[in-house]
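Below you'll find the structure, written out as structure tokens, and then a few comments.
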Amino acid sequence: MSEHADTAHPALRHHFDDLNQQHAAGTLGMWFFLVTEILFFGPLFFTYALFRSGSLDPSFQNAFIAASHHQNITLGLTNTIVLIASSLTVALGVYFAQTNKKKPLVLMLVLTLLCGVAFLVIKGIEYNQHFAHHLFPGQGFHWDGAPELARGGQMFYILYFCMTGLHAFHMVIGIGIFIYILMRAMRNDFSSDYYVPIEVSGLYWHFVDIVWIFLFPMLYLIDPASKH
Amino acid sequence: MSKKKTYEAEDFSHHVTSMGTYFAIFAALMVLTALTVWVAFQDFGSLNVPIAFAIATVKATVVVLFFMHVIHSPKMTAAILVGSIVFLGILFLLTFSDYLSRFWPMA
């Protein structure tokens, strides 16, 4: 304990000068982590661009269109709305922490968790439909379209499962983080002076939302009106 | 929530984005989502992909600026983010230049 322990904020860690520095360091650290996340997802986006563009095999352009026609746009759109709504509740959670309103803060965190779970449930329903239609890549993959598009169609579903799987994994981690944040909010850990954990968890949650914002048109909306 | 008010030396102050702003951003994101779906069903020829990508980028930018508070954060935050996107671009550029300049025997 330092000599000014009686005046220091209870949430201030001893290695920071003040709460402002602690807040800045916390958010900056989270941003550095998100930078590594961008580069972590990057190669999947690259692989998608490489195959979708038909640079290696021109038939993949039409194969991706045909494969994406097996996607359920309604479920994909619902999940997009659910996820953006959860980003709103996270942002409002930060607002209620900043304004010392505990009950609305707890409500926002609960709503965020519900949205996160709803997203995963809908994703599970979609995966289930893909399994039922033998669209999971590998031995059991069955392509009912033009035979010359089967390779590209399977490649689409390899990328689909890798990208949405990695994204869903991030959602699971995010739900775990927000259960922890909710528990801390309920035991009055946060106030307008100290809400860094909500802020940085929110940054992570919004990042996962942004990944989905790009995945939605890439995986569900490839020329849905065409006849391939 | 803490009642202890003995630390005035640390007066902690951060920009508080209003609820109205958050709801306006949410509404904008919903409109852009609807636009994403509508655009996908139109035929803009080779422009469909750039348009879809542009809308997604606008949505991501809005989330970054307002939900993630970059607009009210130190410039360092924006510099780190932009820097990471530049590096992602380098990753794409160099890897594409490799893949596209090779001879790939297609079966």
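So that the names make sense, note that chain A is the first sequence line, chain B the second, and so on, each numbered from 1.
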Residue [X] versus chain A: region with a heavy atom under 4.5 Å:
X	answer
B:F66	neither
B:T36	both
B:M30	side chain
B:V49	side chain
B:S73	neither

Shortest non-hydrogen contact between [X] and [Y], atoms and distance:
X	Y	result
B:Y22	A:L88	O-CD1, 3.4 Å
B:I80	A:L28	CD1-CD1, 3.3 Å
A:F214	B:A60	CE1-CB, 3.7 Å
A:V94	B:H69	CG1-CE1, 3.9 Å
A:I213	B:A56	CG2-O, 3.7 Å
B:S84	A:L39	O-CD2, 4.3 Å

Select one option (side chain, backbone, both, neither) describing which atoms of [X] are under 4.5 Å from chain B's heavy atoms.
X	result
A:F216	side chain
A:A24	neither
A:A49	both

* **Residue of the set A:L203, A:I210, A:L34 for which side-chain contact (heavy atoms from CB on, under 4.5 Å) holds with B:V64** =>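 That would be A:I210; it is the only one of A:L203, A:I210, A:L34 passing the side-chain contact (heavy atoms from CB on, under 4.5 Å) with B:V64.
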
* For A:T80, which of B:V37, B:T33, B:L29 qualifies under side-chain contact (heavy atoms from CB on, under 4.5 Å)? ->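 Of all the options given, the one that passes is B:T33.
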
* Separation between OG of A:S53 and CG of B:L100, rounded to the nearest 0.5 Å ->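 If I round to the nearest 0.5 Å, the distance is 7.0 Å.
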
* Say you draw a straight line from OG1 of B:T21 to OH of A:Y95; how long is it, rounded to the nearest 0.5 Å? ->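 Taking OG1 in B:T21 and OH in A:Y95, the distance rounds to 10.0 Å.
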
